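The next block holds one structure in the form of structure tokens; read it before the comments.
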Amino acid sequence: FLHPPPSWDVEETLKRLQSQKRVQVIMVVNTEGIPIKSTMDNPTTTQYANLMHNFILKAWSTVREIDPQNDLTFLQIRSKKNEIMIAPDKNYFLIVIQDPTE
Amino acid sequence: MEIVYVYVKKRSEFGKQCNFSDRQAELNIDIPPNPELAEQFVERNPVDKGIQCSTSMSEHEANTERFEMETRGINHVEGGWPKDVNPLELEQTIRFRKKVEKDENYINTIMQLGSIMEHCIKQNNAIDIYQEYFDDEDAVEVTEEAPSAKTINVFRDPQEIKRSATHLSWHPDGNRKLAVAYSCLNFQRAPEGMSHESYIWDLENPNKPEIVLKPSSPLVTLEYNPKDSHVLLGGCYNGQLACWDTRKGSLVAELSTIEFSHRDPVYGSIWLQSKTGTECFSASTDGQVMWWDIRKMSEPTEVVILDITRKEQLESALGAISLEFESTLPTKFMVGTEQGIVISCNRKAKTSAEKIVCTFSGHHGPIYALQRNPFYPKNFLTVGDWTARIWSEDSRESSIMWTKYHMAYLTDGAWSPVRPAVFFTTKMDGTLDIWDFVFKQCEPALSLKVCDEALFCLRVQDNGCFIACGSQLGTTTLLEVSNGLCTLQRNEKNTASSIFERETRREKILEARHREMRLKEKGKVEGKEDDQREEEPILTLEELVTKAEEEFFDIIFTELKKKEVEAMKKSKPVGPERDEEVEGEDQGEEEAAHVETPT
């Protein structure tokens, strides 16, 4: 009985996310700003990675400063045109851009 | 100590040996004290002497050299690849990515993050928490907020010698720029060394004007060409007309020749609506209105002399202080004069005398502003002496509406381009008044003190929200009015037009009455006085009232009598039905007729 290699689970997960309604872009970036996986072109992905990194650090430090026992789990930035959702981790960020339901 | 110098000298060369010996002390000098010398001194007791025991300090100023800082951003195009990976090599980057994807940590992290993300995405899709729930209802904001205005920006004349801001013009596209004409309007009192420059300001930057215009004589008026936003027309203090193209620089592109220009400062210059977009006309206090084509500025294409006696005499011409032109009525234009008369003219008339159609008089002083209402062009606003007046073209004897006499002279006025019932005026005491006559008719809806010196000119932006006003010291203030004053109110157009019509009607009735009275006066003078008096008694107001009362009561009594008669008839025995019905109908009709007249 062959287990599918674990990397397939990742693909599976990302595909599932992409197939959700109104999802425009998915990307996985590491803390160096290198896009591991992205549905957009490289320069744009790098730009997002850079901007999000600073933002995540700021949000994370804010949460921790208010309550040191607390931790940042998720970030959503809602704008007129879309919604940027970020799931941060120590090494990688998962960024999804969704169309707002309007 | 390695280095040593050896000095050798023979004992015989030393010289004689020193022989020291003792002897007694000898007194060499003895100076006894001289008491007479003490006479030269005065004893001081006590002695006052200040001493201080502290550290001695000195003060010294130092100013560091200015540290120049600049903020710059860097846009990264590539992320931080590790040293061994060349980002330009596709193979290497792919290999790196594949390596990361195989990393167990990566897989676990992504699985975890993925599940959180999925939850949120689904949540978003399920319910839109930002949905507008009451969107269907008409957002009719009955804003009870009080009208207000606030200053957004102030543009000061950068010159040392301050000049007045005499004219403002908004940039036709987007209204992000403001052209301001600066000059000194006090006759021959322009200070020496006053600069002739006028500026175009960018609204975002009040520190430095964006473009400088350099005419040979200070500009009194300045207007952007509505068709071509690079071209500006300026009327100079010496009567010339100057034209700029901002793409070509700040020097004048076209200038009219002195011989054929005006003899007095050009107080009004407006672009005309033409296919070429190069025609304009100007007016000045020398009594002439000239038409120009900017491609050939050496001579005006047409000249009209503002002589209301229609004899075209320059000596009896009235000086023009303001000019009005509405592109929806291209053949007509109006001129406001120094003598307080508005002259309405027709450009297409065949003879020059016929060009002057009619006059409206009513102001005691020069008419500084003249503008047609953008919604109802038959009505126009004039500002002069201490009042602002609204006129209708149909009523020539007097204005249909006017403000009270203010304490300060009014200098400029304009209608709001979005609300037919709102207009703005500026005064010599530095206040800006905003009038809204569907709201309040005896006072301005809002009165703002913009600055301490006099305000000379005013211009409303096309969206009706922003107003720029220029002052005597060259300070242009940009104000934003509250929403209520720049959004069209419900039913405002109808209300405004009905107000105009009502006032026009009232004036017409008064006019007719005056005419009648004047005719009667004439008739009295011509014929025999006694006979005239008996034949046509001039009814005074009281007599009219008593007459009306009598008529009214007569009608009431006749109706009451009729009702009594009817009641009596009904109480009588019933006759043939037909007659009664007919009677009833007739009576009903009569009653109805009588009911209407008393009202």
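Owing to the predicted nature of the structure, the values given are computational and were not obtained by experimental measurement. Throughout, protein chains are lettered first and strands after them, A, B, ... in sequence-line order, and every chain is numbered starting at 1.
Only the backbone of A:Ile86 has a heavy atom closer than 4.5 Å to any heavy atom of chain B. Proximity to chain A (any heavy atom under 4.5 Å) is restricted, for B:Asp103, to the side chain, taken from C-beta onward. Heavy atoms closer than 4.5 Å to chain B are found in the side chain of A:Val23, but not in its backbone. For chain B, the nearby part of A:Val28 is the side chain; its heavy atoms alone come within less than 4.5 Å. In this structure, chain A has heavy atoms under 4.5 Å from both the backbone and the side chain of B:Tyr106. Proximity to chain B is limited to the side chain of A:Phe74, based on heavy atoms less than 4.5 angstrom apart. With a 4.5 Å cut-off on non-hydrogen atoms, A:Pro35 touches chain B through its backbone and its side chain both.
In this structure, B:Trp170 has its ring center at least 6.0 angstrom away from the ring center of B:Tyr224.
Remark: the backbone N or O of B:Pro172 is not paired with any side-chain donor or acceptor of B:Ser229 at under 3.5 angstrom. No donor-acceptor pair closer than 3.5 Å links the side chain of B:Ser447 to the backbone N or O of B:Pro444.
Partner of B:Trp415 under the ring-ring contact (aromatic ring centres under 6.0 Å, His included) criterion, chosen from B:Phe424, B:Trp435, B:Phe423: B:Phe423. Residue A:Ser38 forms a side-chain hydrogen bond (donor to acceptor under 3.5 Å, both in side chains) with just one option from A:Thr46, A:Thr45, A:Thr44, and that option is A:Thr45.
Residue-environment remark: CZ (B:Arg156) stays at or below the threshold of 12 foreign heavy atoms within 6.0 Å.
Taking the six-membered ring for Trp and thresholds of 30 and 60 degrees, B:Phe155 and B:Trp201 have ring planes inclined between 30 and 60 degrees apart.
Each of A:Ile36, A:Asp89, A:Leu14 has some count of heavy-atom pairs under 4.5 Å with chain B, and the biggest count is that of A:Ile36. Looking only at heavy-atom pairs under 4.5 Å with chain B, the residue among A:Lys90, A:Lys37, A:Met85 that has the most is A:Met85.
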